[in-house]
**Student:** 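Sharing a structure here in structure tokens format.
Each chain gets a letter, A, B and so on, in the order its sequence line appears, and its residues count up from 1. Because the structure is a prediction, the values reported are computed rather than measured.
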2 protein chains.
Amino acid sequence: MEKQTITIYDVAREASVSMATVSRVVNGNPNVRPDTREKVLKVIEKLDYRPNAVARGLASHRTTTVGVLIPDITNIFYASLARGINDVATMYKYNIILASADEGKHKTDAVLQSIMAKQVDGLIYMGQHVDDSTRKELDRGKTPVVLAGTVDPQDKFGSVNIDYVAAIKEATSRLIASGNQRIAFVTGPLSDPINGQFRLKGYQEALSDAKIAYDESYVFETEYSYRAGEAVWDAVKRAGVTAAVVTDDELAVGFLNGARDAKVKIPEDFEIITSNNTMLTEIVRPKLTSIAQPLYDIGAVAMRLLTKMMNKEEIDQKTILLPHSIITRNSTK
Amino acid sequence: MEKQTITIYDVAREASVSMATVSRVVNGNPNVRPDTREKVLKVIEKLDYRPNAVARGLASHRTTTVGVLIPDITNIFYASLARGINDVATMYKYNIILASADEGKHKTDAVLQSIMAKQVDGLIYMGQHVDDSTRKELDRGKTPVVLAGTVDPQDKFGSVNIDYVAAIKEATSRLIASGNQRIAFVTGPLSDPINGQFRLKGYQEALSDAKIAYDESYVFETEYSYRAGEAVWDAVKRAGVTAAVVTDDELAVGFLNGARDAKVKIPEDFEIITSNNTMLTEIVRPKLTSIAQPLYDIGAVAMRLLTKMMNKEEIDQKTILLPHSIITRNSTK
DNA sequence: ATGAAAGCGCTAACAA
DNA sequence: TTGTTAGCGCTTTCAT
């Protein structure tokens, strides 16, 4: 005998009420007499009835599901944001459809389409540049979108960030103050505005304030990975700089180890400041001085903002800037 | 004017065919004349029709969505598995509903229920002990379940693992061979069978083979985290052991740094072998000798196995053991 | 090869 | 407060 799925209709019949009443009870609608509610609840328990969220989604046009696009789930920076997102989503009874948006631009749109097809109520977008085709895809519905730890120069979506210009400027100024004149900017893809526009600008402003000429050959563009950091060390060293601002912790850690394996003393001979203050900064020796971003909070606040948008609540500001600071550890003097 | 959603009915009308035919075209059903197919495809493109996956799910009883339970997304071990899961899922056109199963047992069942309510076609379960209430929840449907990097002593579900007994036994034997007689077993929760039954057994077998008495006071149970590792160092040192087998990399890295900050020379004065061979083992200095598990593959193979189960294909073996090895680095002599 | 029609399990007017 | 009745957008027999 096959296990039969219990539907709302079975409950209604067994409790001698209409489907509508059962639906009301299940959804906590107050327009139900306490005793009928009790009666229905009893039958629900007896039959072990479980509402079918798919049917509910089709009928109500709400799936209580949000899409989350993440560039690389193994990068602890994004994973930390995801944790904040997840916790708030759970708190508000949303499920998360997670999708990786790496593997080059080609697949991102396909992935995005598959998520939208699932009728998510909202979307959180992390990392990477929101390019034109993606933007178009996002625009076609009225699905609310929030960027987390990611900037959109066109300022079209909700977003939660720190002030990347100011943060990198402070970090760079710090290195200048401790006597460095030639400072490298070791960064992820400049095609992403967070690097190519915001962070780079902060770096340049700090130099400018100190009357140091901007030298493009001190900018090293690579990817967010440990290996990339190890690999780029040689070139940076050869450029003759004495310090570096790095935009990702995995990158910075690889860079640091590249330096140490080359017998360079950190911070005596070379100073490093990184950007994300993840656990990695405390794991390595020397520990890395870092810009501190409230990682978990960025995710959490982004998800909270999204819930408001999904409820069509009034939003006072759709771009939220969280505070940052610089945590001094042992990779700077 | 509101944006109107295009349905299969709109396409049917515009193409002068029935909904059934459009459905056939969309689903690649071969029973459609090439020219009608062309005609329909043209209209689909013109109208920019997007099938509604929720309606499809309700009608077909398949959602092309799988649930993934992960204990801690910021733990790089689980994140690595998730990456493999994600890639294969994408390959087979499944979306992933991700849920964290941390925060204590209480919430795990609630999270599981919310996922099942979404009518996922299958489930991947990582970490933690599958306890009775969870097992019951999993049993009620016919939803296929695969454990990834997680063991089930009752052997009821599909699962993809390495041979944890053998792996820990080898690691322990290695430490014995290099002259250690008193070896600590630093582990996550023993309530989880992967530790309390499998790994512990491997540890004990190695001792037994070497005629070393098992001493319970050399077993240190804590949690999978960097801080926990730092914290446990003192107690381990005080126990007078000269080496340790650690069951998680974050834990091991904290432990290593605890030792180094206490000026203990690794590996000269103390040897360490860890279990997961994640990036962390290469980031720290000295680099950690580790059991190597094919992390990405465990996730990928688990997802692949799940696709087979969801298609009701014949499964030759529902428990898959992937090969392991030991990578020697600098935390052992 | 194509179409007609009956659901899938639920919500949401609208009535009563 | 409760019930009736249309759908939601699609798949899937079953005819033709």
**Student:** Could you state the OH-P distance from Tyr9(B) to dA5(C), rounded to the nearest angstrom?
**Tutor:**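 After rounding, the reported distance stands at 12 Å.
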**Student:** To the nearest Å, how far apart are Lys118(B) NZ and dC10(C) P?
**Tutor:**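 Nearest whole value for this atom pair: 14 Å.
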**Student:** How do Ala59(A) and Arg56(B) order along DNA chain D: which one's closest nucleotide is nearer the 5' end?
**Tutor:**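 Closer to the 5' end of DNA chain D: Ala59(A).
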**Student:** Answer with base, sugar-phosphate or nothing: what part of the nucleic acid does Ser23(B) contact at a heavy-atom distance below 4.0 Å?
**Tutor:**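 The residue Ser23(B) makes base contact.
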**Student:** Between Asp131(A) and Thr134(A), do the side chains contain a donor N or O and an acceptor N or O under 3.5 Å apart?
**Tutor:**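 Note: Thr134(A) and Asp131(A) side chains meet the donor-acceptor criterion.
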**Student:** With a 4.0 Å cut-off on heavy atoms, is Val54(B) in touch with a base, just the backbone sugar-phosphate, or nothing at all?
**Tutor:**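 Here Val54(B) touches no strand at all.
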**Student:** What's the CG-P distance between Asn31(B) and dT16(D), to the nearest Å?
**Tutor:**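 Atom-to-atom, Asn31(B) to dT16(D), this comes out as 18 Å.
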**Student:** Indicate, yes or no, whether a donor-acceptor pair under 3.5 Å links the base of dG9(D) to the side chain of Arg50(B).
**Tutor:**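 In this structure, the two groups form no donor-acceptor pair.
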**Student:** For the pair Asn95(B) (side chain) and Thr65(B) (backbone), establish whether a donor and an acceptor sit closer than 3.5 Å, ignoring hydrogens and angles.
**Tutor:**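 No, Asn95(B) side chain to Thr65(B) backbone: no donor-acceptor pair under 3.5 Å.
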**Student:** Ignoring backbone atoms, establish whether Thr36(B) has a side-chain N or O less than 4.0 Å from OP1 or OP2 of dT2(C).
**Tutor:**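 The answer is yes; a side-chain N or O of Thr36(B) sits under 4.0 Å from OP1 or OP2.
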**Student:** To the nearest Å, how far apart are Arg24(B) CZ and dT13(D) P?
**Tutor:**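 Going from Arg24(B) (CZ) to dT13(D) (P), I get 11 Å.
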**Student:** Rounded to the nearest angstrom, tell me the gap between atom CG in Asn52(A) and atom C1' in dT11(C).
**Tutor:**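 It works out to 13 Å between those atoms.
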**Student:** Mind calculating the distance between CZ (Arg62(B)) and C1' (dC10(D)) to the nearest angstrom?
**Tutor:**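 For the pair Arg62(B) CZ and dC10(D) C1', the rounded distance is 14 Å.
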**Student:** Calculate the interatomic distance between Met19(A) atom CE and dT11(C) atom P; express it in whole Å.
**Tutor:**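 It is 8 Å, rounded to the nearest whole Å.
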**Student:** Using side chain to side chain contact (heavy atoms under 4.5 Å, CB included) as the criterion, point out the one residue from Val43(A), Asp10(A), Ile8(A) that pairs with Tyr49(A).
**Tutor:**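 Only one of Val43(A), Asp10(A), Ile8(A) forms a side chain to side chain contact (heavy atoms under 4.5 Å, CB included) with Tyr49(A), namely Ile8(A).
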**Student:** What is the distance, rounded to the nearest whole Å, between atom CD1 of Ile8(B) and atom C1' of dT2(C)?
**Tutor:**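 In whole Å, dT2(C) C1' and Ile8(B) CD1 are 14 Å from each other.
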